Amino acid sequence: MAETDTAASTAATTPPVDTSSADSVTSAPPPPAKREIKRWGDEEDDPPEEPEQNEAPSTSEQPELEVAALKITENKFLDDPEDSNISAVTADDTPYTSASTFEDLNLSEAVLKGLYVEMGFKKPSKIQAITLPMILTPPYKDLVAQAHNGSGKTTCFVLGMLSRVDPNVKAPQALCICPTRELAIQNMEVLQKMGKYTGITAECAVPSDRERNTPSPNYRAPVTAQIVIGTPGTIKRWMSIKKLGVSRVKILVFDEADHMLAEDGFQDDSLRIKRDTEKVSPNCQVLLFSATFNERVTNFVSRVVKRGNNQLFVKKEELSLEGVKQYKVYCPDELTKIEVIKTKIFDLGEKLGQRIIFVRTKNSARMLYQQLSDDGYSVTAIQGALNTEDRDKIIKEFKEGLTQVLISTDVLARGFDQQQVNCVVNYDLPVKYSPGPRSQPLEPDYEVYLHRIGRAGRFGRKGAVFNLICDDNDELVMSKIEQYFDIQVPEVKNTDEAFEEALKTAGLL
DNA sequence: AAAAAAC
């Protein structure tokens, strides 16, 4: 419970924020009769997925939630000029009013208590204000929602699931599919905290070593939990062995939806789960959330989601977080990279918060871990080849603050929410593996880049990112990333002074 | 290559 202060902070903040939003919170003169436009608070754009301990982020750096309208049907919904950057929101012909308070949403007393007491929230973040009415207002339409990293997307779908469950029906009614075990567990923790007073039951469907070693499908009883959050393989398996019945499912959520529906992601599994669910629950509402939706996935996604047409998107040029300063560091060779990690990220980074170092392969995670520990540095490393027990332990230690520096593959690139992380290192830049001959230059993986750097700067906090640039291809990849997101990433020389200066600029020292 | 997890 760090509630007292957390509460105050995350939610609270109230704001001194830039006038743009604060004032209008209440003011909104209801224009046309039917739709009154209220403002949402902007200061705390997001109750981070796991919002507990926070101090109020300084308002100055709050990320703007710029939402570009994908499709604006009738009405322009937002007539306040200050909101002009937020277009979006369109429902075929259903008008929605954004929620300026949680009370506007008809949530149960138990859920409200969870929000205020357990989570410490005071009012909806921008993405919550916009999407919650869409999620909770009948007829329940599907939704595709994009919002910045750390802006509170988890709360949107967790509230959606909690609100739509009928407490009297003891069967799965809400399903949430996530790309990794860690994210599923984290989302479950948020759900249990937020839903603490509701009595709603939930179960996590993730791989476990125990389960893997159990040959018989009778190793478990049928799921009676009302909400199930898990990874695609386990969900699929439970469904196929008839332990997870989906005939009562009313709401199906895909977290990190762009990846869940990407061809090189979990498309097959996701579509199968969706199809099998809809077969017996044709009216099931589908929610897709992510911070990234590239053009290709977006086209596909729009075809997949049929019930209604509520969509929210953010232009890629407005997607990187203001509060997270990005840098590049030229390292002539691998040894220099390791030296930078030791002298800058560890030694000089003592004064920083927690740090995550992203590497490309499981093997480099192991190797880097080995080299650093051999040299006496205190660090842990996580990657998918570890057994589940070890993965859980490493995450637990990091979340408890027992470890300060964590090496990770892209298992943690998406969704991982630890507010004390204020520094991210791309030891290897994220690249896509293009099919065909190995000789081609590697293309940047823009989405992964954005997700990785979003591990810092949760909830509008400040952060710093260091990209280690080793060869010509790295340099090319980096410049493409800058171009794509329309950002400039300055160089930091490999000296203590330069790093200190960079950290100061980022507001971390 | 990473991720999930195995019909």
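Since the structure is predicted, the reported quantities are computational estimates derived from the model, not experimental observations. Proteins come first, then strands; the chains are lettered A, B, ... in the order of their sequence lines, and each starts at number 1.
If you measure from atom CG of D264(A) to atom P of dA2(B), you get 14 Å, rounded to the nearest angstrom. dA6(B) atom P lies 16 Å from atom CG of D268(A), rounded to whole Å. Straight-line distance from the CD1 atom of I177(A) to the C1' atom of dA4(B): 12 Å, rounded to whole Å. Following rounding to the nearest Å, E263(A) (CD) and dA3(B) (C1') show an atom-to-atom distance of 17 Å. For D269(A) and dA2(B), the CG to P distance is 18 Å, given to the nearest whole Å. With rounding to whole Å, H259(A) atom NE2 is found 10 Å from dA4(B) atom C1'. F266(A) places its CZ atom 17 Å from the P atom of dA1(B), with the value rounded to the nearest Å. Residue L183(A) contributes atom CG, which lies 20 Å from atom P of dA2(B) at whole-angstrom precision.
Under 4.0 angstrom from either OP1 or OP2 of dA3(B) there lies at least one side-chain N or O belonging to K362(A). Note on T409(A): a side-chain N or O is less than 4.0 Å away from OP1 or OP2 of dA3(B).
Nucleic acid contact class of R414(A) (heavy atoms, under 4.0 Å, all strands): none. Backbone-only contact: T234(A) has heavy atoms under 4.0 Å from sugar-phosphate atoms and none from a base. Here D428(A) lies out of heavy-atom contact (under 4.0 Å) with every strand.
A residue-by-residue look at S240(A) and V431(A) shows that V431(A) has its nearest nucleotide of DNA chain B further toward the 5' end. Positionally, the nearest nucleotide of DNA chain B for C178(A) lies more toward the 5' end than for the other of K236(A) and C178(A).
For R237(A), the side-chain atoms get nearest to dA6(B) when compared with the rest of dA1(B), dA6(B), dA4(B). Among the nucleotides dA1(B), dA2(B), dA4(B), the one closest to the side chain of R360(A) is dA1(B).
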Test log, rule side chain to side chain contact (heavy atoms under 4.5 Å, CB included), inputs V301(A) and D258(A): CA-CA 8 Å; V301(A) 159; D258(A) 62 322; over 6 Å; no
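Close placement of the F293(A) and F313(A) rings is indicated, their centers lying within 6.0 Å of each other.
For K316(A) and Y484(A), the positive end sits near the middle of the six-membered ring, less than 6.0 Å away and at most 45° from its axis. Cation-pi contact between R164(A) and Y140(A): present, with separation from the ring centre below 6.0 Å and deviation from the ring axis of at most 45°. Judged by the 6.0 Å and 45° rule, K344(A) forms a cation-pi pair with F499(A).
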